[in-house]
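Here's the structure, in structure tokens; my notes come after.
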Amino acid sequence: MSGLNGLNDEQQAAVLHTEGPLLILAGAGSGKTRTITHRIAYLIDEKGVNPWNILAITFTNKAAQEMRDRVNKLVGYGADQIWVMTFHATCIRILRRNIHLLGFDEHFTVYDADDQKTVMKDVCKKLNIDTKRYKEKTLLNEISNAKDNLVGVQEYENSVMGDSTKAPYARCYREYQETLQRSNALDFDDIICMTVRLFKEYPEVLEKYQERFKYIHVDEYQDTNYAQFELVRLLAGKYRNLCVVGDDDQSIYKFRGANIRNILDFEMHYDDATVIKLEENYRSTGYILKCANAVIRNNIGRKDKTLRTEKADGEKVKFIQCENAYEEAETICSDVRRGVRDGGSYNDYAVLYRTNAQARIIEERFVTAGIPYNVVGGVNFYARAEIKDILAYLKTIDNGTDDVALRRIINIPKRGIGATSLGKVAEFAEIRDITLYEAMTRADEIPGLGKTAYKIKAFTDMIGSFRGYLDIKNVPEMIKHITEQIGYEEYLRDNDEESADDRIANIDELITKAVVYDEQKNAENEIADLTGFLEEVALVSDIDGANFEDGRVLLMTLHSAKGLEFPNVYIAGMEDGLFPGYMSVSSDSDDDLEEERRLAYVGITRAEEHLTLLCAKQRMLRGEMQYNAISRFVKEIPSEYLDGYIPKSRNSYIDRTDDRRLSGGYGDSYGSGYGDSYGAGYDRGSVSRSYDTGRKAGEAVGKATLKAKPYSLGLSGLKKGADTAASEPDYKVGDRVRHIKFGAGTVTAMVKETRDYKVTVDFDASGTKVMYAAFAKLVRC
DNA sequence: GCCGCCAGTATTTTT
DNA sequence: TACTGGCGGC
């Protein structure tokens, strides 16, 4: 059934508007997936559109999976004909059939960030580029930017002509691209821009797909980059039935090339576009939404909209300032425990943070408290060395031209083929313009290899024999066969006995994934070949595998949380310098700060019923103790929406004597809930007290004892910081001071920044001014 | 060719 | 603090 029941007026309008360009501005929690899936169902059931003609593009596999599931439920017949896929999966599917036109083989492999770096390192070596001056990462970034903007090698060269500092970039871009081509490999950016190139150079191919995809949907449109924008524009060029859904307020991937203008300017790109706003939020209670609105309101240049809800106000948003990160973790921990004790379930809870590094302390606390949790993200499963090793074998078998894969495994396990020999082989290959693998098969012709030639021959013979099994064995069998033949387990044990078991378990996990792949393809009557497996693996991230329903608290970055929702959400580390991050605070453009604010908006709107914002007065960051002010995003929330004490623009570092106020404030709000886990002393959180607190927590919890050490280091760091700060002012908050121009005033706030103190003074004559201490030359009076 | 030590560096990261 | 990668010694 694809009826309109259960949809509000705006959602219905979006469903019914099937012809021509349509922009759905869907606020957080406004039911956008619901709207798209109903729209697809309506197209098929009511408008008689052939499912075959419908394309729905998402960014993540997870979103694709969810959409597919929901479409399946709504559409009775032909749902499997609809393409519901990620941008990359869509493009790969198109490329597999057509990439020969661009000079690639259909068995091309996809290079991840790791592989790219390996290539770039080689490129730099070859071109004699000083990687101290031009870092691989920077070079790759520049190339990625170029590709996202569809700037090809030639065009890039032209654009930097005459700019000698940019010349190395151009040389690298060319060499990098040629290397990829020789390896029959594409990077993630290529996947998109090669497809665009294909469409532009071969209009007949484009037309085929235009005819196929008469109705196109794009999810999370605010995250598209120029290449993706262009891809969509081309595909929709003929029938113009393009429906994009997104929320400019949730654009948080600028650093990855997303261009927020794509959504902001949609009506300019498609002048006959209809715009529908979904502003009713079905997720969060009133106070949470008010907070979200209050924060995002501070961004300029956004589409005007305000989320509303018919839900009750609910509970206010909690704000808790802790002494340090350990206390912050403990606060979350005891709050979760209490919630579960009162009948809640662990999977109703999520802890969000800005940086992955923050997870550690929280994790440790959870371990010792016996709270089941899952950390989403971090190191990608497929980025682990052992997985990459096995995949490199598979890639070498599947695509003999993938030099990166081959170089990776040539000496894993150790078979006595080192850099010197490899260099000779590479040279031989270079001169003859053949692939590394081909050169290896001709090792006996290569001068100076000596006995190593036999070792190399043995290796290629082995790969050859693996290839012989391609038609006999399925993927899981193949992996097992390879690991046995190369003695991989032994290799792992010899290398590092301690981690070997974990690594072997990971290989088993890979085999499991291969089994699932095999079964799935067989069930769909499709070929379960190695190429397909490698492709799937290349496009999968960890978050896709995260289990959201096994009774665990989820820990993840704010970025990973996009698209998810939880009854109870904690956002840790609400501190200026951490969130918003240091880089965005010190950046001269407001753009970065606005992106951080959108991230805050995303975080806040994940919460359904309870939201808790936390920060710490001091925090160890990169081995250095930081004293951060409360996040400006917290301060943007009117205090009547908050439950918890916000110290009036005071700095915890300077003004530590009246901590009792803070503790009292939040003690009042939360009763005795936290007290029992801290014991005495917590209420009077002086520095030495909180040190005790930290150490006590550590001692009580075994493993975390180790963590008490950095903390004590932090204390010495604190002293040092106080002594060496060049411009330590001799006044504090509340003092009367005199300024040469503004006259007398009262200090209302002091915030320590990296170099100096930012002082806020309420001048008797001219009002409040914020200035840097060193610059202002204030005198106490 | 391999192993281990030290120095440099640090956000976020759907694919 | 903690990881990674480069270089030097065996």
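All chains are named by letter (A, B, ...) in the order of the sequence lines, taking the proteins before the strands, and each is independently numbered beginning at 1.
When atom types are taken as modelled, the side chain of A:D248 and the backbone of A:R302 share no donor-acceptor pair closer than 3.5 angstrom.
The CZ atom of A:R415 sits 11 Å away from the P atom of B:dC2 (whole-angstrom rounding). Spacing between atom CE of A:M583 and atom P of B:dA10 amounts to 8 Å, rounded to whole angstrom units. We find that CZ of A:R622 is positioned 10 Å from P of B:dT12, with the value rounded to whole Å. Atom CD in A:Q116 sits roughly 12 Å away from atom C1' in B:dT13 (whole-Å rounding). If you measure from atom CG of A:L95 to atom C1' of B:dT15, you get 14 Å, rounded to the nearest angstrom. Straight-line distance from the CG atom of A:D223 to the C1' atom of B:dT12: 13 Å, rounded to whole Å. Distance CD1 (A:I252) to P (B:dT15): 13 Å, rounded to an integer number of Å. The NZ-C1' distance, from A:K62 to B:dT13, rounds to 17 Å in whole Å.
Of the candidate nucleotides B:dT12, B:dT15, C:dA2, B:dT15 has the atom lying nearest to any side-chain atom of A:F188. Side-chain atoms of A:Y253 lie closest to B:dT13 of the nucleotides B:dT12, C:dG5, B:dT13. Taking every side-chain heavy atom of A:N61 into account, B:dT15 is the closest of C:dG6, B:dT11, B:dT15. Of all nucleotides listed (B:dT15, B:dT11, C:dG5), C:dG5 comes nearest to the side chain of A:K117. The A:K414 side chain lies nearest to B:dC3 when the options are B:dC3, C:dC3, B:dT12.
Along DNA chain B, the nucleotide nearest A:F59 and the nucleotide nearest A:L599 are compared for position; the residue whose nucleotide lies closer to the 5' end is A:L599. Residues A:G416 and A:S584 both approach DNA chain B. Their nearest nucleotides, taken by heavy-atom distance, put A:G416 toward the 5′ side.
Here A:T420 reaches the OP1 or OP2 of B:dG1: one of its side-chain N or O atoms lies under 4.0 Å away. One finds no side-chain N or O of A:K254 lying less than 4.0 angstrom from the OP1 or OP2 phosphate oxygen of B:dT13. At the phosphate of B:dC2, OP1 or OP2 sits under 4.0 Å from a side-chain N or O atom of A:N411. Residue A:S421 has a polar side-chain atom (N or O) positioned under 4.0 Å from OP1 or OP2 of B:dG1. Proximity of A:N356 to the phosphate of B:dA10: no side-chain N or O atom is located under 4.0 Å from OP1 or OP2. Remark: A:S560 is in phosphate contact with B:dT13, judged by side-chain N or O atoms under 4.0 Å from OP1 or OP2.
At the heavy-atom level, A:E220 lies nowhere under 4.0 Å from the strands shown. Counting non-hydrogen atoms under 4.0 angstrom, A:A419 reaches the backbone sugars and phosphates but no base.
In this structure, A:Y454 places its OH atom where only 12 or fewer heavy-atom neighbours from other residues, nucleotides or ligands lie under 6.0 Å away.
You can call A:F255 stacked on the base of B:dT12; the centres are under 5.5 Å apart and the planes sit within 30°.
A cation-pi geometry, defined here as NZ or CZ lying under 6.0 Å from the six-membered ring centre and within 45° of its normal, does not hold between A:R96 and A:F104.
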Item to complete: Test side chain to side chain contact (heavy atoms under 4.5 Å, CB included) on A:I387 and A:L391 and set out the steps.
Response: CA-CA 6 Å; A:I387 301 301; A:L391 291 177; 3.8 Å; yes
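Judged by distance alone with a 3.5 Å cut-off, a donor-acceptor contact links the side chain of A:R256 to the base of B:dT15.
The residues A:R598 and A:E595 are annotated as salt-bridged, a charged nitrogen and a carboxylate oxygen being separated by less than 4.0 angstrom.
For A:D389 and A:Y491, the side-chain atoms include no donor-acceptor pair closer than 3.5 Å.
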